[in-house]
Amino acid sequence: MPVKTVTVFCGSRSGENPQWVSVASACGRSLAAHGLALVYGGGCNGLMGAVARAAMESKGQATGVIPESLLAIEPAMQGLTELLVVDSMHTRKSIMAERADAFLVLPGGIGTYEEFFEMWTWNQIGLHDKPIVLLNAFDFYTPLLQFLRQSVDHGFLNPKHHDHLKVATTVDQAIDFLLHA
Ligand code: AMP
């Protein structure tokens, strides 16, 4: 089944170096240019805001899903194609998971890691078989990838599940993985 909707997990902060916002904006533009609809956490700050803003500016589709309780901490983006204000973090995550044809993970903090690992573990236990692409821009995730390789070597992570994760080093490669998943 072709990928049409991509759920993106990424930082609610921008990071120190402007390169992170550039990468997120490039992702938003490229998703829109390839006709891929974006689903994300709905915030206007950080990389989350950058990816959605770029997608909207490029005439793409962007759906935000945010729990009401988070609105005060993570203000919602105005002008999205669709903004779903939901009752809990669990509802947010299940909508983001259900709507996705594939997941794309950009640099971020512990919220990003939690969402990424949850979707990967759901794959491991057979709850979905949706592609998961990690964008290792500027080697951000290289230490984590080394640790995951070590987890395979120690026999804690099945190579088959390890290999479900596709690692891209550029935005173009990430979009290519999504289009040919
Ligand atoms: P961060 O990567 O920490 O900047 O967070 C990115 C996004 O993940 C934000 O929209 C957070 O609200 C969200 N987030 C934070 N903690 C969790 C969690 N436990 N489960 C799901 N999403 C979370």
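Note: hydrogens, waters and symmetry copies are ignored here, and every other heavy atom, side chains too, is used. In each ligand, atom 1 is the first atom listed, and ligand 1 is the first ligand listed.
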| query | Side chains of D172 and S30: is there a donor and an acceptor less than 3.5 Å apart? | reply |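 No, no side-chain donor-acceptor contact under 3.5 Å.
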
| Shortest protein heavy-atom distance from atom 6 (C) of ligand 1, along with the residue and atom involved |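 Heavy-atom neighbour on the protein nearest atom 6 (C) of ligand 1: C10 O, 3.3 Å.
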
| task | May I ask you to check whether over 12 heavy atoms, not counting those of I110, lie within 6.0 Å of atom CD1? | result |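 Count not over threshold, so no.
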
| request: Give a yes or no on whether the backbone of T91 and the side-chain of S88 come within a donor-acceptor separation of less than 3.5 Å. | output: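 Indeed, once roles are kept as given, a pair shorter than 3.5 Å links the two residues.
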
| Between W120 and F103, is a side-chain contact (heavy atoms from CB on, under 4.5 Å) present by the stated rule, with each step listed? | CA-CA 10 Å; W120 199 7; F103 302 96; over 6 Å; no

| request: Hey, can you tell me if F138 and W20 have their rings parallel, tilted or perpendicular (30° and 60° cut-offs)? | output: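 Perpendicular.
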
| request: Identify which of E74, K93, H90 has a heavy atom lying nearest to atom 9 (C) of ligand 1. | output: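 Selected option, by shortest heavy-atom distance: E74.
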
Indicate every side-chain donor-acceptor pair of residues 48-60 with a distance under 3.5 Å to a residue at least two apart or in another chain.
{"unit_1": "R53", "atom_1": "NH2", "unit_2": "C44", "atom_2": "O", "d": "2.7"}
{"unit_1": "S58", "atom_1": "OG", "unit_2": "A54", "atom_2": "O", "d": "2.9"}

| query | Quick one: which of M96, E114, E115, E118 has a heavy atom closest to atom 19 (N) of ligand 1? | reply |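 The nearest heavy atom belongs to E114.
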
| request: Give the residue, atom name and distance (to 0.1 Å) of the protein heavy atom nearest atom 2 (O) of ligand 1. | output: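 The closest heavy atom on the protein side is T112 OG1, 2.6 Å.
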
| If you measure every N/O of G11 against every N/O of ligand 1, is any gap under 3.5 Å? |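 No, since none of the N or O atoms of G11 sits under 3.5 Å from an N or O of ligand 1.
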
| query | Is the shortest N/O to N/O distance between G111 and ligand 1 below 3.5 Å? | reply |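 Indeed, backbone or side chain, G111 has an N or O that close.
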
| query | What atoms of ligand 1 come within less than 4.0 Å of a heavy atom belonging to S12? | reply |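 Those atoms are 1 (P), 4 (O), 5 (O), 6 (C).
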
| Contact atoms of ligand 1, heavy-atom distance to R92 under 4.0 Å |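 What qualifies from ligand 1 is 10 (O), 11 (C), 12 (O), 13 (C).
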
| request: Decide whether the shortest distance between a heavy atom of G41 and an atom of ligand 1 is less than 4.0 Å. | output: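 Contact absent.
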
| Heavy-atom pair with the smallest gap, counting every atom of L106 and T112 |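 That would be O-CG2, 3.6 Å.
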
| Identity and separation of the nearest protein heavy atom to atom 17 (C) of ligand 1 |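 Result: M89 CE, 3.8 Å.
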
| said: Set out, in order, the CA-CA distance, both residues' side-chain angles and the distance that settles side chain to side chain donor-acceptor pair (under 3.5 Å) for S25 and S22, then state yes or no. | reply: CA-CA 5 Å; S25 300; S22 300; over 6 Å; no

| query | Any idea which atoms of ligand 1 are less than 4.0 Å away from a heavy-atom of L70? | reply |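 This gives 12 (O) as the contact atoms.
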
